[in-house]
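What follows is a single structure, written as structure tokens, with notes after it.
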Amino acid sequence: QVQVVESGGGLVQAGASLRLSCTASGPPGSILSMGWFRQAPGKAREFVAAITWNADNTFYGDSVKGRFTISRDKGKNTEYLQMNNLKPEDTAVYYCAVPSPYGPALTASNVGRLALYDYWGQGTHVTVSS
């Protein structure tokens, strides 16, 4: 069973930066790609970013391109989401997600599909004040 734990949320002002971390643990070979989603109150869960095993591919949601950067430390099974120039509309609960290692490879066309991600963290709150 894969376990996923996020950290790093908080309350910041618009224009500030935050870095989220997510560490996944599980059987060998169970953690390949990793991703981030977010959910604002009253809204659907939204894809934010994802990264493949060798970090050779990264994907971003349109609303965060150019401001957020995803990276990972394979040795620690940890991924990071560096969030710069935060805006009030970035306020949400941010979830780390790990897709099944037996599912399809992440591509630009499928990376935002919730059903691909089998393991989810509890979420970390990010609040951006104007």
Residue pair Tyr80 / Thr69, side-chain heavy-atom distance below 4.5 Å: no

Glu89 CD: over 12 foreign heavy atoms closer than 6.0 Å: yes

Min side-chain heavy-atom separation Thr124-Val93 under 4.5 Å: no

With Phe37, the ring pair (Phe, Tyr, Trp, His ring centres under 6.0 Å) member among Tyr94, Tyr117, Tyr95: Tyr117

Glu79 and Ile70, any side-chain heavy atoms less than 4.5 Å apart: yes

Any donor-acceptor N or O pair under 3.5 Å, side chains Thr127, Thr91: no

Any side-chain heavy-atom pair of Asn110 and Leu116 under 4.5 Å: yes

Arg67 side chain vs Asn85 backbone, donor-acceptor pair below 3.5 Å: yes

Donor-acceptor pair between Ser17 and Asn84 side chains, under 3.5 angstrom: yes

Leu20 versus Met83, closest heavy-atom pair with distance: CG-CE, 3.7 Å

Student check: side-chain heavy atoms of Val48 and Tyr60 closer than 4.5 Å: no

Side-chain ion pair, Lys65 and Asp62, N-O less than 4.0 Å: yes

